[in-house]
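Read through the structure below, which is laid out as C-alpha cells, and then see the notes.
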Amino acid sequence: MHITELVKKGKFVATCEIDSPKGVNNEDFLDKVDLVKESVDAICVGDNLRAVMRCAPLAMCHLLQERAVEPIMQMNTRDRNRLALQSDLLAAATLGVENIVATTGYDVSLGDHHEAVSVHDLDTAALVRAAREMNEGRDLAGHPLEGAAHFCVGVLTSLAPKSELSGMDALKKAIAEGAQFIKTQPVYQPEVLEAFMESVSQFKLPVIVGHVLLKSASMASFLNSNVPDVYVPEDVIGRLEGLPREDLIKASQQITIELIQKMKPLCQGVHFIPMGWERYIPDIVAEIA
C-alpha cells in the first residue's frame, strides 16, 4: 500500500530502516525484520547508505514482500546514470515495489570506497520526475513504455542548517516534479520541525520525520561531528552521559518517546533508524500510539 494512502486513512505512519547486508548472507537482515514487522507499516531499505557498498535494496525489498511486509526502496542519484536509474525503477515496478524515496546520497568520501566516482547524472528532482513519467507511461526521453508504473515517490530532505541536503529551493523543485511525501533526516528539536512544517504547509504533503535511536552520549556527539544532516542538542546528550547500560537503554527509549510525542501533532509519521536496537521498536511504537 502506498504510504500516502495510509496517511489519508488517518494513520500516523511508522516506518523502520534496516540496512541491506554487506554480502549475500541475509539472515541478520531478516532477523531484524522479524523484530519490527508487526509494529511498523513499512520497512525502508537504503541504497548504499552512508556511501558504504551493500546489497542492492531491490533484492531486500523483494524478500520483504515475500514476508508480507510493505517495502520502501531508497534510490540515490550518486551511483547511477539516468539509464540505470530508470532501469532499476522499472525492475521495482515489475516486482511490485511502489514506495520509493529519492535522495542524492552522501559524498563518497564518507564511505568505504573513497576512490568511487559520483555520477549525479540526475538530481533528486529529476529522479522524482522519472518516476512520475513512468506512472504516466513514458521514460525520461519521452518514449512510451509497455505498461505504466504505479509509484508513490517521496523525497529525502534535512532540517539541519549545516546540511547540504537542506534548502527549500531543492525541495520545492522535487515537489514540483511530483514528490508525494517528504521524509526528513533525524530531527531532535520539535521547534525546528514546527518551523519546517510551516514552511511546507502550502504543499499539503505528508511529512515523515526521521529518528535515530541514540545508543550513547558518545554516539550522539559522533553524529553531531560527522553526519552533516543531524544535530542532537547538548541537553539531550547530557541525559545519556555516565549511565550504566540498563539505565542508558531506558533513558534513550524515553528520549525517543518524548520527542515523538511532541512531534506527532506536527507531522504524519516517524521513520525509525534503530542502529541495531530493532528489539526496542515495538515497545516504543506502543507508547506513541
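Contact between N48 and R54 at its shortest, heavy atoms only, is OD1-N, 3.0 Å. Q74 and L156 get closest at one heavy-atom pair: NE2-CD2, 4.5 Å. When all heavy atoms are compared, the tightest approach of V108 to A116 is CG2-O, 3.6 Å.
A search for side chain to side chain donor-acceptor pair (under 3.5 Å) contacts involving D31 returns nothing, not counting sequence neighbours. Listed by chain and residue number, N76, R80 satisfy the side chain to side chain donor-acceptor pair (under 3.5 Å) test with D47 (two or more places apart in sequence, or in another chain). E287 pairs by the side chain to side chain donor-acceptor pair (under 3.5 Å) definition with nothing, not counting sequence neighbours.
At distances below 3.5 Å, at least one donor-acceptor pair connects side-chain atoms of D139 with backbone N or O atoms of G142. For R50 (side chain) and Y106 (main-chain N/O), no donor-acceptor pair under 3.5 Å exists by modelled atom type. Counting only distance, with no hydrogens or angles, the side chain of S87 and the backbone of L83 share no donor-acceptor pair below 3.5 Å.
Remark: K250 does not engage E246 in a salt bridge, criterion side-chain N to carboxylate O under 4.0 Å. Salt bridge absent: D169 and K173 never bring a charged side-chain N and a carboxylate O closer than 4.0 Å.
Evaluated for a side-chain contact (heavy atoms from CB on, under 4.5 Å) with V101, the options V45, I72, V155, I208 yield exactly one hit, I72.
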For residues 59-69, dump all side-chain donor-acceptor pairs below 3.5 Å to protein atoms at least two apart in sequence or in another chain.
unit_1: Q65; atom_1: NE2; unit_2: L95; atom_2: O; d: 3.1
unit_1: Q65; atom_1: NE2; unit_2: G96; atom_2: O; d: 3.1
unit_1: R67; atom_1: NH1; unit_2: L63; atom_2: O; d: 3.2

Return a table of donor-acceptor pairs under 3.5 angstrom between the side chains of residues 265-277 and protein atoms on other chains or two or more places apart.
unit_1: Q268; atom_1: OE1; unit_2: V207; atom_2: N; d: 2.8
unit_1: H271; atom_1: ND1; unit_2: T15; atom_2: OG1; d: 2.7
unit_1: H271; atom_1: NE2; unit_2: E17; atom_2: OE1; d: 3.1

Hey, mind stepping through D28 and N25 against side chain to side chain contact (heavy atoms under 4.5 Å, CB included) and telling me if it holds? CA-CA 8 Å; D28 184 59; N25 187 337; over 6 Å; no
Problem set entry | C152 vs E98, side chain to side chain contact (heavy atoms under 4.5 Å, CB included): CA-CA, chis, key distance, verdict | CA-CA 6 Å; C152 177; E98 297 181 339; 5.6 Å; no
- Task: Take Y188 and M263 through the test side chain to side chain contact (heavy atoms under 4.5 Å, CB included) and record every step on the way to the result.
- Result: CA-CA 9 Å; Y188 296 91; M263 293 189 287; over 6 Å; no
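Under the 3.5 Å distance criterion, with hydrogens and angles disregarded, a donor-acceptor pair is assigned to the side chains of N99 and E70.
Taking the side chain as every heavy atom from C-beta outward, L122 and L140 approach each other to under 4.5 Å. In this structure the side chain of L240 reaches within 4.5 angstrom of the side chain of S252, judged on heavy atoms. Taking the side chain as every heavy atom from C-beta outward, V52 and D19 never approach each other to under 4.5 Å.
Under the salt bridge (Lys or Arg N to Asp or Glu O under 4.0 Å) criterion, the residue pairs touching residues 251-274 are R239-E258, with sequence neighbours excluded.
In terms of hydrophobic clustering, with Ile, Leu, Val, Met, Phe, Trp and Tyr side chains grouped at heavy-atom distances under 4.5 Å, L49 and M73 are assigned to different clusters.
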